[in-house]
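Chain letters run A, B, ... following the sequence lines, proteins first and then strands; every chain starts at 1.
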Amino acid sequence: MEDKNLPKPEKAARSLNFIEEIIEEDLRNNVYGQRIHTRFPPEPNGYLHIGHAKSICLNFGLGKKYNGKTNLRFDDTNPAKEDVEYVDSIMEDVKWLGFDWEDRLFYASDYFEQLFDYALVLIRKEKAYVCDMSAEEISETRGTPTRPGKESPYRNRSMEENLDLFHRMRAGEFADGSKVLRAKIEMGSPNMHMRDPVLYRIIHTAHHRTGEKWCIYPMYDFAHGQSDSIERITHSICTLEFEVHRPLYDWLIREIGIYVPRQIEFARLNLSYTIMSKRKLLELVQEKMVKGWDDPRMPTICGLRRRGYTPESIRNFADLIGVAKRDNVIDVSLLEFCIREDLNKRANRLMAVLNPVKIILDNYPENQCEEIDALNNPENPESGTRKVPFSKELYIEKEDFMEDPPGKFFRLAPGREVRLRSAYIIKCENFVKDPVTGEVTEIHCTYDPMTRSGMPESGRKVKGTLHWVSGKHAVEAEVRLYDRLFTVENPDNAEEGKTYKDYLNPDSLKTITAYLEPSGIQVRPLEKFQFERIGYFSVDPDSSIEKPVFNRVVALKDSWAKSEKMK
RNA sequence: UGACCCAUGGUGUAAAGGUAGCACAAGAGAUUUUGGUUCUCUCGGUCCAGGUUCGAAUCCUGGUGGGUCAACCA
């Protein structure tokens with residue numbers, strides 16, 4: 001009522017996502033007191049990707065926004081699929097993204113004993129029973145979404161027998177798959193998950209943390225909600241596919257009689273030109289279609305990191321995409337926008353020529369070399385300047401010269417003037433062609449000594465400005481150019497008879513030799529640079545090669561793409 | 001032919017019954033020592049049909065469309 005009297009601006013400023021609406025209502029109704037506690041609960045069976053980043057930012061963001069806490073919890077209930085390698089990488093990635101779980105690092109496997117006791121509670125209440133049917137039989141008698149299931153012949157075992165059997169399951173008396181513990185709910189439920197779901201199964205496999213201690217492991221449904229409850233999570237935020245699990249989540253917690261968290265589901269992130277399924281990403285790695293989980297073409301956090309993405313840019317991305325319940329496909333151009341926006345402010349510029357053609361300044365003294373001052377980052381005056389050597393023979397980009405230019409071509413052409421970035425204005429006098437291939441091999445120019453940057457006449461306007469390197473001083477370096485891994489917007493949605501693998505982009509990785517200005521060799525790992533016009537690059541931190549290796553992060557509007565439009 | 005969830009510009013996301021806004025993308029212009037950046041502008045939307053109401057993107061009913069669910073995965 002009194003809300004209606006709020007002034008309009010304040011109303012407009014609300015703009016909460018639906019999860020924040022729920023949280024604020026719970027706060028108003030004092031459902032959990034004034035306490036907010038969330039968690040990020042990955043299964044350590046793969047590397048984290050940009051979709052997890054959305055969840056991480058959401059959960060930790062909510063914790064921060066409402067002055068609450070956020071746990072990191074490994075949902076490690078299936079020893080067959082999990083590994084410490086993944087545990088370690090997940091912790092590294094969450095930290096790198098800038099989030100801190102402080103002393104609240106947990107594992108579902110920490111709760112195995114407690115979970116076992118909860119199962120005992122259910123058995124004693126005759127709400128759970130040991131079932132001897134095989135996986136196939138259980139599947140067959142579960143029915144279908146439109147047809148009810150049939151009750152198991154073991155459903156009415158006595159509580160004493162169930163207790164005995166369950167203890168013997170734990171003791172290791174039975175083979176994998178021979179028995180399971182099931183909840184006794186309703187085989188005719190329209191919700192498949194309520195048709196006597198499996199709670200525990202037998203797996204004689206060493207667990208990465210508990211070793212051989214256990215041979216029965218709780219299923220997701222029996223572990224997740226209870227772990228939330230044990231940690232006194234207030235809002236358990238998960239993705240939409242768990243929506244149908246919520247009645248079971250609530251049922252188990254109610255029947256066991258423990259603290260009640262609230263599960264809230266949101267739509268997972270989908271990115272165009274990207275696959276996000278852990279299973280498929282694992283395939284890419286195992287089948288060597290990429291060089292590893294941290295291949296810069298991968299949508300993994302570590303891949304994005306190697307590609308040059310900053311934590312800030314990813315957090316900002318998570319912010320921009322919002323949170324809702326409807327299925328979505330975010331265009332990767334938004335992600336690319338986020339890193340360009342961030343790097344544009346912070347990345348120092350270097351010049352590099354990827355596809356060189358030689359320029360000879362006919363009126364420049366043979367053995368002269370000047371040290372030109374160049375701005376490190378025109379967007380940030382505090383970034384200072386660097387010295388770049390300039391001499392008679394230079395390289396420019398092949399595509400920056402045209403013998404017979406179309407109308408809107410601003411760059412070098414016979415008789416035309418352009419500025420060399422941070423240096424002189426030059427004029428093309430003539431050029432040499434290879435008589436066989438017809439390719440331009442040498443461009444002869446004259447420079448105007450009065451136009452060096454900073455000189456009184458340097459203000460003269462010319463149509464184009466080009467990046468360049470001094471031929472004598474340039475550093476040859478192996479440069480890797482990365483492009484999108486897939487050629488179609490939705491590789492998951494393959495046409496008949498095809499899979500996502502049929503849409504892999506064969507040109508997603510190109511290795512070329514490029515020419516860098518010599519200061520490029522002094523760069524330190526992890527520093528970010530922006531190469532003018534060509535794109536953003538970062539130094540590959542894992543490079544063991546002596547020459548610096550650069551990764552393309554995001555192409556600016558490619559000059560050649562523009563050239564197409566000029567025609 | 002079941003249950004549950006969802007439906008706002010090309011893509012996302014806001015608007016608590018009261019002016020449909022923002023971002024990305026796209027297009028145009030200005031600035032520019034790179035055609036980048038920056039700035040300005042433009043384009044373009046409430047799935048359909050009824051109902052309630054002075055007033056509906058919002059509430060109700062019914063359609064339509066999409067998604068999820070039949071692992072001893074999570």
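Using a 4.0 Å heavy-atom criterion, one finds that A:Val323 contacts the sugar-phosphate atoms exclusively. A:Ser333 comes within 4.0 angstrom of sugar-phosphate atoms only, judged by non-hydrogen atoms across all strands, and of no base.
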Any protein N or O atoms within reach of nucleotides 43-46 of chain B? Criterion: under 3.5 Å, listing atom names and distances.
none

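Taking the nucleotide of RNA chain B with the nearest heavy atom to each of A:Ala324 and A:Arg452, the more 5' of the two is matched to A:Ala324. Each of A:Leu420 and A:Asn328 has a nearest nucleotide on RNA chain B; the 5'-most of these lies closest to A:Asn328.
Among pairs with a residue in residues 182-202 of chain A, those fulfilling ring pair (Phe, Tyr, Trp, His ring centres under 6.0 Å) read A:Phe166-A:Tyr200, A:His193-A:His245, A:Tyr200-A:Phe222, at least two apart in sequence or across chains.
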### Message
Apply ring-ring contact (aromatic ring centres under 6.0 Å, His included) to residues A:Tyr249 and A:Phe242 and explain how you reach the verdict.
### Response
CA-CA 10 Å; A:Tyr249 181 107; A:Phe242 293 103; 9.9 Å; no

### Query
What do the steps show when you test A:Glu173 against A:Arg168 for salt bridge (charged side-chain N to carboxylate O under 4.0 Å, His left out), and what is the final call?
CA-CA 6 Å; A:Glu173 285 187 33; A:Arg168 287 165 61 195; 2.8 Å; yes

### Message
Under the criterion ring-ring contact (aromatic ring centres under 6.0 Å, His included), I'd like the reasoning laid out for A:Phe317 against A:Phe337: C-alpha separation, chi angles, the key distance, then a yes or no.
### Response
CA-CA 9 Å; A:Phe317 174 73; A:Phe337 163 79; over 10 Å; no

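Atom P of nucleotide B:U34 and atom CG of A:Asn377 are separated by 12 Å, given to the nearest angstrom. When rounded to the nearest whole Å, the span between CG of A:Asp331 and P of B:A26 equals 9 Å. Between the P atom of B:C4 and the CD atom of A:Glu265 lies a distance of 14 Å, rounded to the nearest Å. The CE atom of A:Met351 sits 15 Å away from the C1' atom of B:G36 (whole-angstrom rounding). In this structure, CG of A:Leu412 is placed 13 Å from C1' of B:U34, rounded to the nearest angstrom. Going from atom CG of A:Asn316 over to atom P of B:U13 covers 16 Å, rounded to whole Å. Protein atom NZ of A:Lys54 is 11 Å distant from nucleotide atom C1' of B:U13, rounded to whole Å. When the C1' atom of B:C4 is taken as reference, atom CH2 of A:Trp251 falls 20 Å away, rounded to whole Å.
Comparing B:C41 with B:C48, their C1' atoms sit 35 Å apart, to the nearest whole Å. A gap of 25 Å separates the P atoms of B:U42 and B:U8, to the nearest Å. Atom name C1', nucleotides B:U13 and B:G27: the rounded distance is 23 Å, in whole Å. Here the separation of B:U53 from B:C39, taken at their C1' atoms, is 45 Å to the nearest Å. Annotation: B:C54 and B:C4 have their C1' atoms spaced 37 Å apart (nearest Å). Going from the P atom of B:G63 to that of B:C73 covers 39 Å, rounded to whole Å. B:A15 and B:C69 are spaced 33 Å apart, taking the C1' atom of each and rounding to whole Å. For B:U46 and B:A56, the P atoms lie 16 Å apart once the distance is rounded to whole Å.
In this structure, B:U31 forms no base pair with any nucleotide, since neither Watson-Crick nor G-U wobble geometry is met with both distances under 3.5 Å. Under the Watson-Crick and G-U wobble criteria, each requiring two contacts below 3.5 Å, nucleotide B:A74 is left unpaired. Look at B:A16: it lacks any Watson-Crick or wobble partner with both distances under 3.5 angstrom. A 3.5 Å limit on both hydrogen-bonding distances identifies B:U68 as the Watson-Crick or G-U partner of B:A3. Remark: B:A56 base-pairs with no nucleotide in the shown strands. Criterion, Watson-Crick or G-U wobble with two distances under 3.5 Å. Pair assignment for B:C47: B:G63, on the basis of Watson-Crick or G-U wobble contacts that are both within less than 3.5 Å. Of the nucleotides present, B:A23 is the one that pairs with B:U11 by Watson-Crick or G-U wobble criteria, both distances under 3.5 Å.
Under a 3.5 Å cut-off, the side chain of A:Asn71 and the backbone N or O of A:Arg73 do not form any donor-acceptor pair. Side chain of A:Arg349 to main chain of A:Ala374: no donor-acceptor pair is present (N/O by atom type, distance under 3.5 Å, no hydrogens or angles). A donor-acceptor pair under 3.5 Å links the side-chain atoms of A:Ser277 to the main chain of A:Arg279, judged by distance alone. With A:Glu397 contributing its side chain and A:Leu354 its backbone, the two residues share a donor-acceptor pair below 3.5 Å. Judged by distance alone, the side chain of A:Asp76 and the main-chain N or O of A:Ser109 form a donor-acceptor pair under 3.5 Å.
Contact annotation: side chain of A:Arg411 to base of B:G35, donor-acceptor pair present below 3.5 Å. Side-chain atoms of A:Glu379 come within donor-acceptor range of the base of B:G36, with a qualifying N/O pair under 3.5 Å. A donor-acceptor contact under 3.5 Å links the side chain of A:Ser453 to the base of B:U33.
Of all nucleotides listed (B:A15, B:U8, B:U33), B:U33 comes nearest to the side chain of A:Thr465. Considering only side-chain atoms of A:Lys461, the nucleotide from B:A14, B:U32, B:G2 that sits closest is B:U32.
B:A70 has its base anti relative to the sugar, with a glycosidic angle deviating from 0 by more than 90°.
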### Query
Reading nucleotides 67-74 of chain B from the 5' end, what letters show protein touch, with B for base, S for backbone sugar-phosphate only, - for no heavy atom under 4.0 Å?
SSSBSBSB

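Across all their heavy atoms, A:Leu72 and A:Pro42 have their closest contact at CD1-CD, 4.0 Å.
Residue A:Asp196 forms a salt bridge (Lys or Arg N to Asp or Glu O under 4.0 Å) with just one option from A:Lys184, A:Arg142, A:Arg155, and that option is A:Arg155.
Contact annotation: A:Arg326 reaches the phosphate of B:U13 (side-chain N/O to OP1 or OP2, under 4.0 Å).
A donor atom on one side chain and an acceptor atom on the other are found under 3.5 Å apart for A:Ser333 and A:Asp331.
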